[in-house]
Amino acid sequence: QVQLVESGGGLVQAGGSLRLSCAASRSISSINAMGWYRQAPGKQRELVAEITSGGGTNYADSVKDRFTISRDNAKNTVYLQMNSLKLEDTAVYYCKFLRTLLGPLRVENYWGQGTQVTVSS
């Protein structure tokens with residue numbers, strides 16, 4: 001069973017930066033997309049950013065120009081550089097790997113356990 005291990009969360013003042021990392025516990029093939037989601041208290045989990053195997057990226061409007069997602073395919077690791085953090089970025093951040101297998105077609109989602117990011121004033 002593959003596990004995703006997140007690191008890099010913590011407490012930071014508004015305007016500061018954090019870098020999240022998420023690594024698979026073992027090598028995984030056929031990872032199509034890696035992404036970061038977050039869930040604030042009382043709110044639904046939402047997509048923050050995602051990156052495809054080809055390097056294409058997609059960001060939530062609320063984090064565009066502040067957050068940058070990147071991946072290291074050889075290490076099965078995805079990163080989220082978060083700059084100019086705001087109070088409203090406070091949430092538990094989860095990484096997700098989407099894997100597509102052929103013959104027959106099967107889609108697998110792997111989730112990390114979550115890491116707390118708290119932005120203070």
Side-chain angles (χ1 to χ4, degrees):
Q1 182 70 11
V2 176
Q3 293 183 331
L4 302 186
V5 181
E6 297 153 347
S7 60
L11 175 64
V12 64
Q13 286 191 324
S17 298
L18 282 175
R19 187 186 192 222
L20 305 182
S21 299
C22 172
S25 57
R26 63 171 177 82
S27 178
I28 316 174
S29 62
S30 306
I31 299 297
N32 298 103
M34 299 177 176
W36 288 95
Y37 292 71
R38 68 186 181 187
Q39 187 166 19
K43 295 187 177 181
Q44 289 189 333
R45 190 173 297 188
E46 62 175 359
L47 174 68
V48 176
E50 60 184 353
I51 183 168
T52 67
S53 57
T57 58
N58 180 42
Y59 295 92
D61 288 342
S62 59
V63 306
K64 281 180 181 177
D65 301 322
R66 298 190 298 123
F67 291 9
T68 302
I69 189 171
S70 59
R71 63 189 282 175
D72 185 331
N73 292 327
K75 296 181 179 179
N76 279 162
T77 301
V78 63
Y79 306 96
L80 186 67
Q81 178 66 44
M82 305 185 294
N83 299 328
S84 302
L85 282 161
K86 303 177 180 180
L87 297 179
E88 52 264 40
D89 294 320
T90 295
V92 178
Y93 284 70
Y94 300 88
C95 63
K96 188 187 87 169
F97 286 11
L98 172 66
R99 185 186 190 201
T100 303
L101 299 171
L102 301 177
L105 179 64
R106 187 169 81 249
V107 176
E108 298 177 348
N109 287 303
Y110 300 91
W111 287 92
Q113 80 286 356
T115 185
Q116 178 69 46
V117 171
T118 302
V119 183
S120 64
S121 58

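Note that these values count all heavy atoms, side chains included, but never hydrogens, waters or copies made by symmetry.
- When all heavy atoms of Cys22 and Leu4 are compared, the closest pair comes out as SG-CB, 3.8 Å.
- Panel note: side chain Arg99, backbone Ser29; a donor-acceptor pair is recorded below 3.5 Å.
- Residues Thr90 and Arg38 have side chains that never bring a donor and an acceptor to within less than 3.5 angstrom of each other.
- Heavy-atom minimum distance, Gly112 versus Tyr94: O-CD2, 3.6 Å.
- At a cut-off of 3.5 Å, with distance as the only test, no side-chain donor of Tyr37 or Gln39 sits close to an acceptor on the other residue.
- By the rule that hydrophobic residues join a cluster once side-chain heavy atoms approach within less than 4.5 Å of another member, Leu98 and Ile28 end up as members of separate clusters.
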Handout entry: side-chain contact (heavy atoms from CB on, under 4.5 Å) evaluation trace for Thr52 with Asn32
Key = CA-CA 6 Å; Thr52 67; Asn32 298 103; over 6 Å; no
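- Annotation for Glu88: atom CD counts as buried by contact number, over 12 foreign heavy atoms lying within 6.0 Å.
- Judged by distance alone, the side chain of Asn76 and the main-chain N or O of Ala24 form no donor-acceptor pair under 3.5 Å.
- With no hydrogens or angles considered, a side-chain donor-acceptor pair links Ser17 and Asn83 at under 3.5 Å.
- What you find for Phe67 and Tyr59 is that their closest heavy atoms are O-CE2, 3.3 Å.
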Practice task
Just do the side-chain hydrogen bond (donor to acceptor under 3.5 Å, both in side chains) check on Glu108 and Tyr110 with the steps written out, would you?
Solution key: CA-CA 7 Å; Glu108 298 177 348; Tyr110 300 91; 2.5 Å; yes
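- Although no hydrogens or angles enter the test, the distance criterion places a donor-acceptor pair under 3.5 Å between the side chain of Glu6 and the main chain of Gly114.
- Here the shortest heavy-atom pairing between Val78 and Cys95 reads CG1-CB, 4.4 Å.
- Within 6.0 Å of atom CG in Asp65, 12 or fewer heavy atoms from other residues, nucleotides or ligands are found, so the atom counts as exposed in its surroundings.
- In this structure, the side chain of Glu50 does not engage the main chain of Ala33 through any donor-acceptor pair within 3.5 Å.
- Of all non-hydrogen atoms in Val119 and Leu87, the two that sit nearest each other are O-CD2, 3.3 Å.
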Problem - Intermediate values then yes/no, side-chain contact (heavy atoms from CB on, under 4.5 Å), Arg71 and Ile31 - result: CA-CA 11 Å; Arg71 63 189 282 175; Ile31 299 297; 3.8 Å; yes
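- Between Asp89 and Lys86 no salt bridge is recorded (no basic side-chain N to carboxylate O distance below 4.0 Å).
- When every heavy atom of Leu80 is checked against every heavy atom of Ala49, the shortest pair comes out as CD1-CB, 4.2 Å.
- Linking ILVMFWY side-chain heavy atoms closer than 4.5 Å, directly or via other members, places Tyr93 and Phe97 in a single hydrophobic cluster.
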